[in-house]
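Some notes on the structure that comes next.
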Amino acid sequence: MGDTYHKFQPFDMEGLCRAGCFYKNIKFKDAACSCAFLNKGFLMPRDWIYLPIARFYERSLAPKNEVSKDDCLKEKRVDHVVNCLRLVVLINESSPAVCDWIKPEVHLTRIQSVFLLSRDIYSHASVRSLLKILLCKLSRYWISLDLDEDIDGSYIHFYHSILEQFGKRPSDDAVFTNFILIPLQSRYNSSYRVKFWSEFSHLIRFIRMPISEMAIPIESLYESDFQSETIRHIIELQSAAMNDVDMELKNSHVLYKIVLTNILNNSTVEMVSKF
């Protein structure tokens, strides 16, 4: 399995078992080097800690008639995902070097893929709790993402699926909301902001997370290049979307503060440019 995004590659469960026997005999502090070694073709990829999640995500992409065969295993799938997330938390705390060997973009997409699994998995209390822990524990990666590296346009489709899923089961869940906001930072390609504000602006009604629960600095969502036609277009989309939001929601809306700041900053730049 390589560092893929929209569709995870299959892997060999027998090989996973053999690797499990291998890893029992080494210490966590040596695991990073071993993962790099294994990634060259021996047994396991660098993101081996996410293999169960990758497997279930791959199955979720299968035709419905194939997925239905696994209905009796729902409880077991939840247990596997919970144990996988617990392992990620444990390794991150005991030996962060292992996690550092995994690209930040892979951490993001592997965890985001949990939201695309069946409702019984994501809605499970333990899964939600562990995702909240990982959102904070892995925060050091959210500022070093390169969503354009080796993606070739596929992440935008993956992100589209994430937004669609958020709309299917809207809630004020701060964890899910944070994973929606991470790609909207101004440092990343504007295509993610254009997609959100042009195709999914209706989702802002379900985003009621206070600023205090943001996993990224709110400043990272402010626009800066107001000379860009694309950025001006984004601000126009933001302004139009917020016009349809109730005032009561605006007063406590993190996105409203972001949009208002962008509009004021853009107006200031336009006024200065006239002199």
Query raised in the report: In chain order, what residues pass the ring-ring contact (aromatic ring centres under 6.0 Å, His included) check against Phe196, with sequence neighbours excluded?
Result: none
Query raised in the report: Can Leu184 and Ile258 be said to form a side-chain contact (heavy atoms from CB on, under 4.5 Å), step by step?
Result: CA-CA 11 Å; Leu184 298 181; Ile258 293 167; over 6 Å; no
Query - Which residues share a side-chain hydrogen bond (donor to acceptor under 3.5 Å, both in side chains) with Ser220, sequence neighbours left out - result: Gln185
Query raised in the report: Taking C-beta and beyond as the side chain, do Asn189 and Tyr192 meet within less than 4.5 Å on heavy atoms?
Result: yes
Report summary line: Hits for side chain to side chain contact (heavy atoms under 4.5 Å, CB included) against Ser139, two or more places apart or cross-chain, chain-then-number order -> Trp142
**Report entry** Heavy-atom check, side chain of Phe166 versus side chain of Thr177, under 4.5 Å
**Finding:** yes
Report task. Keeping the roles fixed (side chain from Ser201, backbone from Ser198), state whether a donor-acceptor pair exists under 3.5 Å. Result -> no
Report summary line: salt bridge (Lys or Arg N to Asp or Glu O under 4.0 Å) filter on Glu219, not counting sequence neighbours, yields none
**Report entry** Ile162 vs Phe176 side-chain heavy atoms within contact, under 4.5 Å
**Finding:** yes
Query - side-chain hydrogen bond (donor to acceptor under 3.5 Å, both in side chains) involving Glu223 - partner list, sequence neighbours excluded - result: Arg193
Query - Partner residues of Ile235 under the side chain to side chain contact (heavy atoms under 4.5 Å, CB included) criterion, sequence neighbours left out - result: Phe226, Ile231, Gln238, Asn262, Ile263, Asn266
Requested in this report: Return the orientation label for the Phe56 and His80 ring planes: parallel under 30°, perpendicular over 60°, tilted otherwise.
Outcome: parallel
Query raised in the report: Who are the side-chain hydrogen bond (donor to acceptor under 3.5 Å, both in side chains) partners of Glu236, not counting sequence neighbours?
Result: none
Report summary line: Residues at least two apart in sequence or cross-chain that pass side-chain hydrogen bond (donor to acceptor under 3.5 Å, both in side chains) with Glu199, listed by chain then number, are Lys195
Report task. Apply ring-ring contact (aromatic ring centres under 6.0 Å, His included) to Tyr188 and list each qualifying residue two or more places apart in sequence or on a separate chain. Result -> none
Query raised in the report: Can you find a heavy atom in the side chain of Val259 that is under 4.5 Å from one in the side chain of Trp197?
Result: yes
Query raised in the report: Taking C-beta and beyond as the side chain, do Tyr57 and Val114 meet within less than 4.5 Å on heavy atoms?
Result: no
Query - Side chain proximity check, Leu147 to Phe158, heavy atoms < 4.5 angstrom - result: no
Query raised in the report: Is there side-chain contact between Leu145 and Pro183, with at least one heavy-atom pair below 4.5 Å?
Result: no
**Report entry** Residue pair Leu135 / Ile111, side-chain heavy-atom distance below 4.5 Å
**Finding:** no
Report summary line: Residues at least two apart in sequence or cross-chain that pass side chain to side chain contact (heavy atoms under 4.5 Å, CB included) with Ser123, listed by chain then number, are Arg119
Requested in this report: Kindly assign one of parallel, tilted or perpendicular to the pair His107 and Tyr141, based on the angle between their ring planes and the thresholds 30° and 60°.
Outcome: parallel
Query raised in the report: Does Gln165 use its side chain to pair, donor to acceptor, with the backbone of Phe115 at less than 3.5 Å?
Result: yes
Query raised in the report: What residues form a ring-ring contact (aromatic ring centres under 6.0 Å, His included) with His160, not counting sequence neighbours?
Result: Phe200
Kindly list each side-chain donor-acceptor pair under 3.5 angstrom involving residues 81-92, sequence neighbours excluded, with atom names and distances?
{"unit_1": "Asn83", "atom_1": "ND2", "unit_2": "Asp79", "atom_2": "O", "d": "3.2"}
{"unit_1": "Asn92", "atom_1": "OD1", "unit_2": "Arg140", "atom_2": "NH1", "d": "3.1"}
{"unit_1": "Asn92", "atom_1": "OD1", "unit_2": "Arg140", "atom_2": "NH2", "d": "2.8"}

